[in-house]
Amino acid sequence: MNRHSSSSRTIDLEDLARQAMIERNLIPDFSEEVMREAEALEGPARESDASISDLTEILWCSIDNDDSLDLDQLTSGENMEPDSTLIRVAVADVDALVRKGSAIDLRARQNTTSVYAPGHVFPMLPERLSTDLTSLNPGEERLAIVSEIVVDRDGHITSSKIYRALVYNHAKLSYDGVAGWLDGRRAEPEAMQKVPGLAESIRIQNDAAQRLRQRRHELGALDLRTIEAKATVVDRKVVEMHEETQNQPKELIEDFMVAANGAAAVFLDEARFPSLRRIVREPRRWDRIMNVAEELGERLPDSPDAIALEEFLIRRRKADPLRFPDLSLTIVKLLGSGEYAVATPGSPATGHFGLAVKDYTHSTAPNRRYPDLITQRLLKAAMAGDPSPYSLDELKDLAAHCTDQEDEADKVERQIQKSAAAMLLENRVGERFDAIVTGASSKGTWVRILHPPVEGKVVQGHKGLDVGDKLKVKLIGTNPERGFIDFARVRK
């Protein structure tokens, strides 16, 4: 089939995503058995265990995307003396309804993650759970796993503890709404206005998050600001691709999730439990990162050094903020992808190079990520004094499986994103664009153009190109059904 060919029929991105999932051993739909099991649930989980704290009066709120319905976590914050902040992160107790070995659990275990395609979500759990019974919806009491984290004036985490609790979401807030209020562009969100004291809590949380972030950057956490493109689909047609911008509330949630995930890893280690860690090893292509820095008049150490790399990124962000997203994308590609690995108590654990943390698991999104549900079960067993629900061999098999399936899901999402981009660019064949090389291997060379921010393959003139190179390309063909966007290098 010609890379540029495309049928005249209307292309449905949801159908493309469903087919792409099947081809990558991901299940797009739920079986009748899974749906029967979900429908048989009487309501949200309720338990009378005396160890479950009643925290419904705490000023919990959710901050997420405008269209998010699967709310995994709530946050709250209050000042302490002297000069410390108490941060609480509540994570939906999905395990309370999704029992290990059930039909719902085995289906979630197969895919290991929700898949997000333009205009449609293929959830890991049936929507009766993920957007209702196990979602921390506003105005509802829910069981949760709570991490209490004390942050001092310098951003150090001085203590943390984890326990079960009943929580209540007092306000569903959006990233953009809170961001506009924090920077003075918008009025206080209506949902926030209705809860006395919530505005102050958000400001306290934001201040603590900035201290946490600053401390991690001092330790070498990488401040990377890539351009994330999101397709807007109306009546099955792609009408635009826009950049997802970073803002303070997004950073707040990211920083609290890093802290909560770290607290979970430490808790399990102290309980002498194994854990499923999310790791990013030292970059294999450090030599190319050194070359990128050298091309910009800088020098990095001969061996991977997160602190030196972060200092370089800070300087470049100040020197050239307009092109910093391109540099960030280059570094992200050269760092390599993350993976899941098992850590045993007392043994050295591989950390997360990009976050500059040693103890890091995934625990904060159990509605949409299976490793988080695994971690939740480990935490609950440790809290109860029960043995681990997973053997070491089972955890190792799950780590490999979750890594593989998450990679496959990422490929599906990128493929359908490219199909959406190809639909948008169909009528622009022959136009020229500024671009940056985002991938270069024996399998091919890929670039991202700047406007709109989409990626395609260089099929002519790719010889000698490497990640981070800037060039001009001409669009020579698209195939929305297969997600192909083909460019030719234009010599200046």
Side-chain angles (χ1 to χ4, degrees), residues 53 55 57-64 72-91 136 144-165 167 169-171 173 175 178-179 181-183 192 197-223 246-270 275 277-278 306-307 310 314 351-352 354-365 375 379:
S53 302
L55 299 186
E57 296 303 314
I58 297 291
L59 292 182
W60 298 105
C61 69
S62 59
I63 309 177
D64 215 313
D72 282 296
Q73 69 273 141
L74 308 177
T75 61
S76 73
E78 56 188 77
N79 286 326
M80 300 174 63
E81 294 296 339
D83 298 327
S84 292
T85 305
L86 175 62
I87 295 301
R88 295 186 182 95
V89 176
V91 175
L136 301 178
I145 309 298
V146 173
S147 297
E148 272 193 11
I149 300 161
V150 177
V151 183
D152 72 10
R153 60 189 298 177
D154 298 317
H156 298 90
I157 295 176
T158 58
S159 67
S160 65
K161 62 180 181 178
I162 296 178
Y163 54 91
R164 301 186 69 196
V167 299
N169 185 355
H170 291 267
L173 306 175
Y175 290 131
V178 176
W181 168 68
L182 282 173
D183 63 23
M192 193 188 299
L198 184 55
E200 177 62 18
S201 174
I202 295 293
R203 292 195 186 279
I204 290 171
Q205 292 180 53
N206 189 50
D207 179 69
Q210 291 183 23
R211 281 181 275 138
L212 283 169
R213 177 165 289 244
Q214 178 60 35
R215 176 58 184 161
R216 284 195 300 107
H217 286 318
E218 290 171 357
L219 296 174
L222 305 181
D223 185 14
Q246 190 72 328
N247 57 38
Q248 289 187 72
K250 288 182 181 179
E251 292 180 347
L252 183 159
I253 296 301
E254 288 172 4
D255 293 328
F256 284 4
M257 296 312 107
V258 171
N261 286 327
V266 170
F267 182 90
L268 290 173
D269 192 61
E270 291 179 346
S275 59
R277 304 292 181 95
R278 183 64 175 176
I307 293 177
E310 168 62 0
I314 291 172
H352 193 297
L355 295 175
V357 292
K358 179 175 69 70
D359 299 308
Y360 187 72
T361 188
H362 269 174
S363 66
T364 56
T375 298
L379 289 169

Check against side-chain hydrogen bond (donor to acceptor under 3.5 Å, both in side chains), Asn169 and Ser62: CA-CA 7 Å; Asn169 185 355; Ser62 59; 3.2 Å; yes

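With values rounded to the nearest 0.5 angstrom, Thr375 atom OG1 is found 11.5 Å from Ile145 atom CD1. Atom OG of residue Ser201 and atom CG of residue Asn79 lie 9.5 Å apart, to the nearest 0.5 angstrom. Atom OG of Ser160 and atom CD of Glu148 lie 10.0 Å apart (nearest 0.5 Å).
Applying side chain to side chain contact (heavy atoms under 4.5 Å, CB included) to Gln210 and the options Leu212, Asn206, Asp207 leaves one that passes, Asn206. Partner of Val178 under the side chain to side chain contact (heavy atoms under 4.5 Å, CB included) criterion, chosen from Ile202, Asn247, Leu252: Ile202. Across Val89, Val167, Thr75, Leu136, a single residue satisfies side chain to side chain contact (heavy atoms under 4.5 Å, CB included) together with Trp60, and that is Val167. A side chain to side chain contact (heavy atoms under 4.5 Å, CB included) with Thr85 is found for one member of Met80, Arg211, Glu78 and no other, namely Arg211.
His170 is linked by a ring pair (Phe, Tyr, Trp, His ring centres under 6.0 Å) to Tyr168, counting only residues two or more places apart in sequence or in another chain. With sequence neighbours left out, the salt bridge (charged side-chain N to carboxylate O under 4.0 Å, His left out) criterion links Asp154 to no other residue.
Of the charged side-chain nitrogens involved, at least one lies within less than 4.0 Å of a carboxylate oxygen, so that Glu218 and Arg215 count as a salt-bridged pair.
Looking at Asp152 and Asp83, their side chains never come closer than 4.5 Å, going by heavy atoms from C-beta outward.
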